[in-house]
Amino acid sequence: MTLAEVEALYPPRKLPEGAEVTRIAPSPTGMPHIGTGMQAVLDRALADKSGGVFILRIEDTDLARTQEGAVEAIIDGLRWLGAMPDEGDTFGGDYGPYTQTARLPLYRLAAQHLVEQGHAYHCFCTAERLELVRKTQVSQHQSPGYDGHCRNLDPAEVATRLTAGEKNVIRLKVPKDETISFHDEVRGNISFEASVIDDSVLLKSDGIPTYHLAAAVDDHFMRVTTVVRGEEWISSTPKHILVYRYLGWEPPKFLHTVLLRDKNRRKLSKRSGDTSLTWFRKQGIMPAAFRNFLYRIMWAHPEGKDIYPMSEFAEKLQVSGLPSTGPVADMDLLSFINGRYMNELSAQELEKQFMEYLDFLIASNLTADDTLHQDQPSQAATREDILDLHKALREDPKHGAEVLQVVAQRCARFGEIIFGSRAYFDYGYTPPAPERMAKECPDAAKRRRILEGFLEAYASDAQAPEVEGILKAIGKELGLKDRAVFMTLRLAMTGVARTPPLSEVAALLKLERVKKRLAMVLETVDDAPAAQQAQ
RNA sequence: GUCCCCUUCGUCUAGAGGCCUAGGACACAUCCCUUUCACGGAUGCGACACGGGUUCGAAUCCCGUAGGGGACGCCA
């Protein structure tokens with residue numbers, strides 16, 4: 001097979017004028033990264049905006065780092081994110097295979113062609129020699145790089161060493177006196193002196209290509225029009241430009257996205273916390289909200305909107321407005337956006353999404369720390385909490401849905417609901433300590449009177465019990481401030497001090513549960529220390 | 001060390017020579033609403049990295065400096 005034949009195998013796509021073909025090209029080396037998610041959202045939007053195609057390509061040329069299950073994790077992450085590719089090994093498409101180790105002959109063909117044309121050469125240097133060269137260079141304050149040792153080997157010598165089966169790699173022969181420029185879609189023109197670019201390996205000694213060759217070959221034959229990738233690739237783009245040129249191909253458009261930073265403006269890393277899509281999912285971030293967060297920090301809506309759907313992003317996106325400075329992934333902003341999305345969910349949608357969330361947590365076998373946000377340790381949910389809640393929701397879905405809706409109004413992520421909803425289920429109710437109640441209403445007799453009086457009035461009017469009216473009347477009768485009365489009942493009914501308005505709580509709990517709980521409290525309501533009562 | 005990219009409130013940003021005594025959003029603070037929490041409303045705090053140019057006029061253009069980030073692998 002020749003390059004020309006391959007060319008015919010992957011003809012130009014029949015797409016509308018201006019359609020963009022984008023691709024996300026992750027390495028299957030672990031959990032899907034937030035940066036991958038960001039690029040996927042952009043890729044998806046670019047393709048949607050122009051009536052193009054979005055491809056998933058797996059770059060598994062680093063055999064040593066490839067991890068089992070990583071491809072599935074990536075697809076799962078993209079599915080969750082809602083930035084699904086149109087083409088890929090599991091999606092179909094006419095430009096596959098979409099996994100690099102399945103395309104090895106293509107790269108070898110390209111590499112061979114480059115050697116024949118004199119734009120690449122066989123290099124027999126050992127790892128040891130390379131290491132030594134680098135060390136020397138660094139110690140002499142020179143920039144490390146290949147020294148060109150095999151660049152001008154005698155062709156006859158190369159031939160004999162090759163037939164002898166000597167290990168070698170193929171390196172790109174970078175011209176010496178030239179300025180290589182390219183256009184970056186967000187930064188404009190960028191130039192490099194060719195002299196600072198070293199002769200990178202294109203084909204490793206095991207016959208597997210490096211990124212520089214593989215990506216160029218694939219982007220060409222997959223007819224990718226726009227390469228969206230992280231800005232860490234800017235400095236190797238000139239190499240890619242050279243590969244395209246020597247292979248006689250038109251380079252695609254390049255769009256380098258910024259790298260997300262942590263609070264200290266460092267590249268977001270494992271150490272600083274939250275780098276995987278899965279992490280955000282575990283926190284209970286909604287997909288739509290996370291997408292919104294991603295495009296919100298990488299692009300400014302013309303009207304200054306913060307909350308808007310993906311379709312609007314795709315429609316209004318202008319690549320020139322993409323940032324060229326790395327944004328900090330601001331958790332406060334994410335929480336804010338997620339909260340807004342949660343509040344707009346209908347009861348049914350909320351229950352559905354929340355159950356999916358719990359199922360995900362359970363299936364991914366979480367430990368207690370996994371929903372723990374660094375900044376909000378109090379929001380940690382244990383695995384036991386998760387299972388308890390899941391069981392309660394299954395046992396009484398109707399009650400569960402009501403609880404969720406009320407609680408979700410007060411939460412910024414699903415993860416907080418786990419903890420926040422406990423008090424409204426039987427499993428999560430613990431009667432308040434008498435001491436705690438005494439802090440709100442020091443007089444034990446009055447506490448008892450509040451609860452008994454409420455129970456009596458509330459139970460007698462099953463149709464439309466006026467919780468507030470009842471309590472205010474009791475307060476007046478006992479000469480207590482509203483707060484003392486309301487808080488006493490709040491603590492008694494829920495065991496906690498922060499809840500929705502009591503009328504909502506009572507409606508949520510239903511009469512039977514209220515009766516049961518208050519009866520429990522009444523058993524110990526007089527037990528607060530006398531010293532405190534005297535106050 | 002060399003090369004490349006970047007630099008507006010704490011954060012995300014608007015701003016493409018006069019509309020800027022720099023606008024919005026998140027966060028924060030205070031107040032209002034109020035039975036706690038949340039929501040909502042109001043107000044406030046708060047930035048053009050620095051130094052030179054160009055210009056009648058610069059956040060906006062140019063040059064330097066400083067700072068940050070990235071790259072320099074038979075990793076991607």
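Since we're looking at a predicted model, the values are computed, not measured. Residue numbers begin at 1 in each chain, while the letters A, B, ... track the order of the sequences.
The side chain of A:Val328 approaches B:rC12 more closely than any other nucleotide in the set B:rC12, B:rU2, B:rC74. Of the candidates B:rA14, B:rC72, B:rA76, the closest approach to any side-chain atom of A:Thr210 belongs to B:rA76. Minimum atom distance to the side chain of A:Ser205 is reached by B:rC74, of the listed B:rG1, B:rC74, B:rC37. The side chain of A:Phe486 sits closest to B:rU35 out of B:rC4, B:rA76, B:rU35. Picking from B:rC72, B:rC75, B:rU2 the nucleotide with the shortest atom distance to the side chain of A:Pro144 gives B:rC72.
Between A:Arg245 and A:Glu178 there is a salt bridge, since at least one side-chain N of the basic residue sits less than 4.0 Å from a carboxylate O of the acidic one. Look at A:Lys173 and A:Asp199 and you find no salt bridge, because none of the NZ, NE, NH1 or NH2 atoms lies under 4.0 Å from a carboxylate O. Ion pair A:Arg187/A:Glu231 flagged as a salt bridge, since at least one NZ, NE, NH1 or NH2 atom sits closer than 4.0 Å to an Asp/Glu carboxylate oxygen.
Within residues 227-244 of chain A, the residues that have a heavy atom under 4.0 Å from RNA chain B are, in order of number, A:Glu231, A:Glu232, A:Trp233, A:Ile234, A:Ser235.
In this structure, A:Tyr211 reaches the bases: a heavy-atom distance under 4.0 Å links it to at least one base atom across the strands shown.
Summarising the geometry, the separation between NE2 on A:His183 and P on B:rC5 is reported as 13 Å, rounded to the nearest angstrom.
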Check the interface with nucleotides 62-64 of chain B: list each N/O to N/O pair with the protein under 3.5 Å, or write none.
none

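A side-chain donor from one of A:Tyr341 and A:Asn292 sits under 3.5 Å from a side-chain acceptor of the other.
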With B for base contact, S for sugar-phosphate-only contact and - for none (protein heavy atoms under 4.0 Å), nucleotides 26-31 of chain B reads SS----

